[in-house]
Amino acid sequence: MYRLLARKGAGSLAVEAMLAECQLPYAVEDLVRDEKGALPESLHRINPRAEVPTLLMPDDSVMTESAAILIHLADLVPEKGLAPAIGTAQRGPYLRWMIFLATTVYMSDLRYFYPERYTTDQAGTAGIKAFAEAGMMREFAILSGAVGKGPNVLGTQFSAVDIYAAMLISWVPDLIQLFATHPNLKTLYDKVVERPRIAPVWRRNEV
C-alpha cells in the first residue's frame with residue numbers, strides 16, 4: 001500500500017492522480033498547517049524539507065519531489081503506457097518536458113504564491129510575484145509550442161507528463177486568459193481531468 005502525505009490542491013494532486021490512473025493501492029493523508037503555517041512535526045522526520053507530496057512506498061522507503069515520483073510510478077507499471085519505454089524515441093522528450101515543468105513552471109508558481117520565501121526584503125515581494133507571473137506565461141507559451149496539435153505533450157500518447165502539466169495549469173492565476181491564448185493547453189487540461197480515474201481525484205482536491 002502506498003501512503004501519500006498530501007494537502008488538497010497542492011503538488012500532491014498530480015501524484016494522487018497518478019496513483020489512481022496506475023490503479024495502485026494507496027491511501028491519502030491530508031496534512032493541516034498549524035496556526036504558524038507549519039506542517040506536522042511528523043512530516044519533518046520523514047522529509048527534511050517538510051514538503052508535500054511525500055510518498056511512503058510499500059517497502060517503507062520514502063520518495064519526494066513530484067516529478068521524480070511520477071516518473072518512478074509510471075515505470076513501475078509499464079503496462080499502463082504512462083511513460084515511453086527506455087530506448088524509444090519518445091523517452092527523451094518525455095523526460096525533457098517533465099523536468100521542464102518541474103524546474104520552470106513549478107518554480108514560477110512557488111515564487112508567485114510564496115514570494116516572501118525568495119527574499120530577505122519583504123518590500124520586494126510584489127516585484128518577485130510580478131516577475132514570476134510573467135515567467136509563468138513565457139513558460140506555458142513554450143509548453144504550448146511543444147504540444148502543437150497534441151492533444152497531449154507527446155502527441156497522441158497520453159503520459160504522466162500530461163497529468164503533471166494539468167496540475168500546474170490549474171494553478172494559473174488567470175486561467176481564462178491562458179486558455180484563450182493557448183487553446184491547445186485547454187484541450188490537454190480537459191482531456192486529463194475528464195479521465196474516469198482522475199476526475200474523482202480532481203473533485204476531492206476541490207480544484
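Worth knowing before you read on, the calculation uses all heavy atoms, side chains too, and leaves out hydrogens, waters and symmetry mates.
- For the pair Pro93/Leu154, a side-chain contact is recorded, criterion being any heavy-atom separation below 4.5 Å from C-beta on.
- Taking 4.5 Å as the limit, some side-chain heavy atom of His72 sits within range of a side-chain heavy atom of Met57.
- To the nearest 0.5 Å, atom NE2 of residue His182 and atom CD of residue Gln177 are 9.0 Å apart.
- Glu41 meets the side chain to side chain contact (heavy atoms under 4.5 Å, CB included) test with His44, Arg45; sequence neighbours excluded.
- Hydrophobic clustering places Leu19 together with Val28 (ILVMFWY residues linked when any side-chain heavy atoms are closer than 4.5 Å, directly or through intermediates).
- Residues satisfying the side chain to side chain contact (heavy atoms under 4.5 Å, CB included) criterion with Asp60, sequence neighbours excluded, are absent altogether.
- To the nearest 0.5 Å, atom CD1 of residue Ile71 and atom CE of residue Met63 are 8.5 Å apart.
- Looking only at side-chain heavy atoms (C-beta outward), Leu82 and Met18 come within less than 4.5 Å of each other.
- Under the salt bridge (Lys or Arg N to Asp or Glu O under 4.0 Å) criterion, Arg49 pairs with Glu51, sequence neighbours left out.
- For Asp109, the side-chain hydrogen bond (donor to acceptor under 3.5 Å, both in side chains) test picks out no residue, with sequence neighbours left out.
- Although no hydrogens or angles enter the test, the distance criterion places a donor-acceptor pair under 3.5 Å between the side chain of Asn184 and the main chain of Gly148.
- Linking Ile, Leu, Val, Met, Phe, Trp and Tyr residues whenever their side-chain heavy atoms come within less than 4.5 Å leaves Ile46 and Val15 in two separate clusters.
- Note: Ile163 CD1 to Met98 CE = 8.0 Å, rounded to the nearest 0.5 Å.
- You'll find the side chain of Arg7 stays beyond 4.5 Å of the side chain of Asp30, heavy atoms only.
- Taking the side chain to side chain contact (heavy atoms under 4.5 Å, CB included) definition, one finds that Thr64 meets it with Asn47, Thr54, Val62, sequence neighbours left out.
- Ile128 and Leu110 fall within a single hydrophobic cluster, where Ile, Leu, Val, Met, Phe, Trp and Tyr side chains are chained together by heavy-atom contacts under 4.5 Å.
- In this structure, the side chains of Ser12 and Glu16 stay at 4.5 Å or more apart for every pair of heavy atoms.
- Tracing side-chain contacts under 4.5 Å through hydrophobic residues (I, L, V, M, F, W, Y), one reaches Met107 starting from Leu95; they form part of the same cluster.
- No side-chain heavy atom of Asp174 sits under 4.5 Å from any side-chain heavy atom of Leu178.
- Other residues, nucleotides and ligands contribute only 12 or fewer heavy atoms inside 6.0 Å of the CZ atom of Phe131.
- Trp171 places a side-chain N or O within donor-acceptor distance of the main-chain N or O of Gly9, the cut-off being under 3.5 Å.
- Remark: Leu188 CG to Phe179 CZ distance equals 9.0 Å, nearest 0.5 Å.
- Residues Leu13 and Val172 are members of one and the same hydrophobic cluster, defined by side-chain heavy-atom contacts under 4.5 angstrom among Ile, Leu, Val, Met, Phe, Trp and Tyr.
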Output side-chain donor-acceptor pairs under 3.5 Å for residues 134-142, partner residues at least two apart or in another chain, one line each.
from	atom 1	to	atom 2	distance (Å)
Glu139	OE1	Val105	N	3.4
Glu139	OE1	Ser108	OG	2.9
Glu139	OE2	Ser108	OG	3.2

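- Nearest approach of Leu143 to Ala165, heavy atoms of both residues: CD2-CB, 4.2 Å.
- Residues that satisfy the side chain to side chain contact (heavy atoms under 4.5 Å, CB included) test with Ala83, not counting sequence neighbours, are Ala74, Asp75, Arg91, Tyr94.
- For the pair Leu55 and Leu5, the minimum side-chain heavy-atom distance is 4.5 Å or more.
- Closest approach of Ala160 to Leu70, counting heavy atoms only: O-CD2, 3.7 Å.
- Sorted by first then second residue, the side-chain hydrogen bond (donor to acceptor under 3.5 Å, both in side chains) pairs that include residues 188-200, not counting sequence neighbours, are Glu21-Arg195, Gln23-Arg197, Lys186-Asp190, Tyr189-Trp202.
- Residue Leu31 comes nearest to Pro40 through the heavy atom pair CB-CD, 4.2 Å, listed as atom of the first residue, atom of the second, then distance.
- Expressed to the nearest 0.5 Å, how far CG of Leu73 lies from OH of Tyr26 amounts to 11.5 Å.
- Sorted by first and then second residue, the side-chain hydrogen bond (donor to acceptor under 3.5 Å, both in side chains) pairs with a member in residues 151-168 read Ser66-Tyr164; sequence neighbours excluded.
- Closest approach of Cys22 to Val77, counting heavy atoms only: SG-CG2, 3.5 Å.
- With sequence neighbours excluded, no residue forms a salt bridge (Lys or Arg N to Asp or Glu O under 4.0 Å) with Arg111.
- The hydrophobic cluster analysis finds Ile176 isolated: no Ile, Leu, Val, Met, Phe, Trp or Tyr side chain comes under 4.5 Å of it, directly or through other members.
- Pairs passing the side-chain hydrogen bond (donor to acceptor under 3.5 Å, both in side chains) check and including a residue from residues 112-134, sequence neighbours excluded, do not occur.
- You'll find the side chain of Met167 reaches within 4.5 Å of the side chain of Tyr106, heavy atoms only.
- Closest of all the heavy-atom pairs between Leu39 and Ala50 is CD1-O, 3.6 Å.
- The backbone N or O of Ile99 lies less than 3.5 Å from a partner atom in the side chain of Thr103, making a donor-acceptor pair.
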